[in-house]
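Right, one structure below, let's go through it.
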Amino acid sequence: MESMTNIKRGLADFVEDLPKVELHLHIEGTLEPELLIALARRNGVDIPYKTIAAARTAYQFEDLQSFLKVYYLGASVLREEQDFYELTLAYMARCKAQQIRHTELFFDPQTHLANGVPLAAVMGGINAALRDAERDWHISSALILCFERDRDPEPAVALLERACALGGIAGIGLDSAELGNPPEKFQEVFKVAKSMGLHRVAHAGEEGPPAYIWQALDVLDVERIDHGVRCLEDPALVRRLVDDRIPLTVCPFSNVALKVFSQLSEHNLGRLLKAGLSVTINSDDPAYFGGYLSENLIGTLSSLDLTAQDALLLERNAVAAAFCTDQRKQSLLRDLDQYGVSQQNL
Ligand SMILES: [Zn+2]
């Protein structure tokens with residue numbers, strides 16, 4: 001009989017080569033300590049950590065709020081269009097290395113505007129890197145503008161219109177401090193986004209209650225819920241999410257780092273799958289939470305005794321939930337099916 005170690009090694013190999021899709025990724029959350037320190041020096045930004053080791057030590061969190069402080073401090077070193085290009089291209093290189101074929105990235109323009117960085121520099125750098133990754137590595141992508149829910153919603157519509165004029169926006173999202181900032185605050189800009197034909201997603205039910213997920217569905221009319229792990233507290237909500245095939249973009253390493261769950265083996269992802277929900281696995285802010293998409297998949301599947309078939313299901317769910325053309329989805333599904341067949345002895 002095969003030992004447990006061999007089975008886990010086999011699963012890790014299977015996941016590493018598996019064609020993947022990522023749907024919940026904040027580009028500012030891919031800022032590795034090396035680039036953070038380099039950009040702080042290059043741009044003359046004073047940050048409390050002077051070495052890579054000190055920055056790494058600071059990447060320890062008690063909850064979402066303690067993380068956001070470090071995250072926004074990190075984002076303050078991003079000043080020039082070239083900085084956003086390098087940050088985004090470094091993430092896309094990780095995608096190439098991890099067989100991520102399609103990715104949907106969030107960015108937080110309000111943070112950069114507050115730091116005095118022009119919107120055109122932020123979007124110019126990100127979009128140029130996404131174009132280069134598509135041309136050179138055939139990785140497709142979509143860019144999602146996130147509004148920070150702890151800010152005033154009033155200027156949101158004007159910001160959305162400015163961003164759309166620059167081009168390359170596929171949809172809008174809602175992130176940052178969830179508790180005390182219910183989705184309904186941003187009803188107006190989500191209505192406008194829908195009228196413009198943009199996709200809509202929102203973080204809900206990470207630290208916040210199931211009521212925030214209901215609001216995201218009923219008031220913001222979102223197509224996906226980011227996180228959403230607290231939905232299991234409300235059976236009627238689970239029925240709604242299952243019936244309407246609303247995908248959840250779950251981020252297990254993030255949930256453990258921010259103490260939504262005490263450890264991976266306590267994560268409810270297995271129960272979410274059993275409930276029939278359209279679950280996907282994502283890395284959220286991988287530079288801060290200890291791993292990119294492959295590490296999230298391998299760590300979670302092995303901690304919860306899930307299988308290679310579950311990994312295939314998670315990736316099929318991600319393809320179905322992606323904001324790309326039907327033609328692209330068919331191509332991604334074909335790659336997954338072929339990979340599944342080629343590895344069927346596992
Ligand atoms: Zn997130």
Side-chain angles (χ1 to χ4, degrees), residues 21-31 59 61-75 87-88 91 94-95 100 103-112 126 141-151 170-183 186 190 199-209 212-213 216 220 222-231 246-261 267-269 272 279-293 295-297 300 314 318 321-323:
V21 167
E22 178 143 70
L23 301 176
H24 184 157
L25 180 284
H26 301 266
I27 194 59
E28 296 89 347
T30 67
L31 184 60
Y59 287 13
F61 315 105
E62 286 308 309
D63 53 19
L64 181 57
Q65 204 53 51
S66 66
F67 158 67
L68 288 171
K69 267 175 70 179
V70 176
Y71 174 84
Y72 290 125
L73 186 75
L87 176 73
T88 307
Y91 165 66
R94 297 266 188 176
C95 289
I100 297 173
T103 181
E104 301 189 357
L105 307 86
F106 297 128
F107 75 116
D108 285 325
Q110 290 161 302
T111 287
H112 308 303
I126 295 172
S141 57
L143 186 61
I144 299 174
L145 186 164
C146 266
F147 292 99
E148 293 162 44
R149 65 204 308 156
D150 42 350
R151 290 183 187 265
I172 66 166
L174 191 63
D175 67 0
S176 199
E178 187 180 7
L179 286 170
N181 292 297
F186 287 83
F190 275 74
H199 291 291
R200 297 157 319 278
V201 298
H203 286 49
E206 175 189 13
E207 287 191 335
Y212 284 16
I213 303 177
L220 303 188
V222 298
E223 296 153 81
R224 298 194 301 240
I225 297 288
D226 296 315
H227 293 296
V229 291
R230 288 190 60 189
C231 71
I246 303 287
L248 304 183
T249 64
V250 178
C251 306
F253 278 23
S254 162
N255 291 154
V256 172
L258 303 185
K259 305 195 171 20
V260 176
F261 297 98
H267 200 284
N268 68 1
L269 184 128
L272 294 169
V279 181
T280 67
I281 285 188
N282 309 271
S283 68
D284 205 1
D285 299 286
Y288 293 95
F289 298 148
Y292 286 76
L293 182 51
E295 291 82 11
N296 268 272
L297 278 161
T300 309
L314 288 161
F323 296 148

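Both ligands and their constituent atoms are indexed starting at 1 by order of listing. No hydrogens, no waters, no symmetry mates; every other heavy atom, side chains included, goes into these values.
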Report the C-alpha distance between D284 and L25 in whole Å, list the side-chain angles of each, state the deciding distance to 0.1 Å, and finish with yes or no for side-chain contact (heavy atoms from CB on, under 4.5 Å). CA-CA 4 Å; D284 205 1; L25 180 284; over 6 Å; no
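Distance alone, capped at 3.5 Å, places no donor-acceptor pair between the H26 side chain and the F106 backbone.
Here A257 pairs with F289 under the side-chain contact (heavy atoms from CB on, under 4.5 Å) rule; sequence neighbours left out.
Taking CZ from F67 and NZ from K259, the interatomic distance works out to 13.0 Å, rounded to the nearest 0.5 Å.
Protein N/O/S atoms nearer than 2.8 Å to the Zn ion (ligand 1) total 4.
Geometric assessment of R230 against the ring of Y212 yields a negative cation-pi assignment under the 6.0 Å and 45° thresholds. A cation-pi contact, defined as under 6.0 Å to the ring centre and within 45° of the axis, links R94 to Y292.
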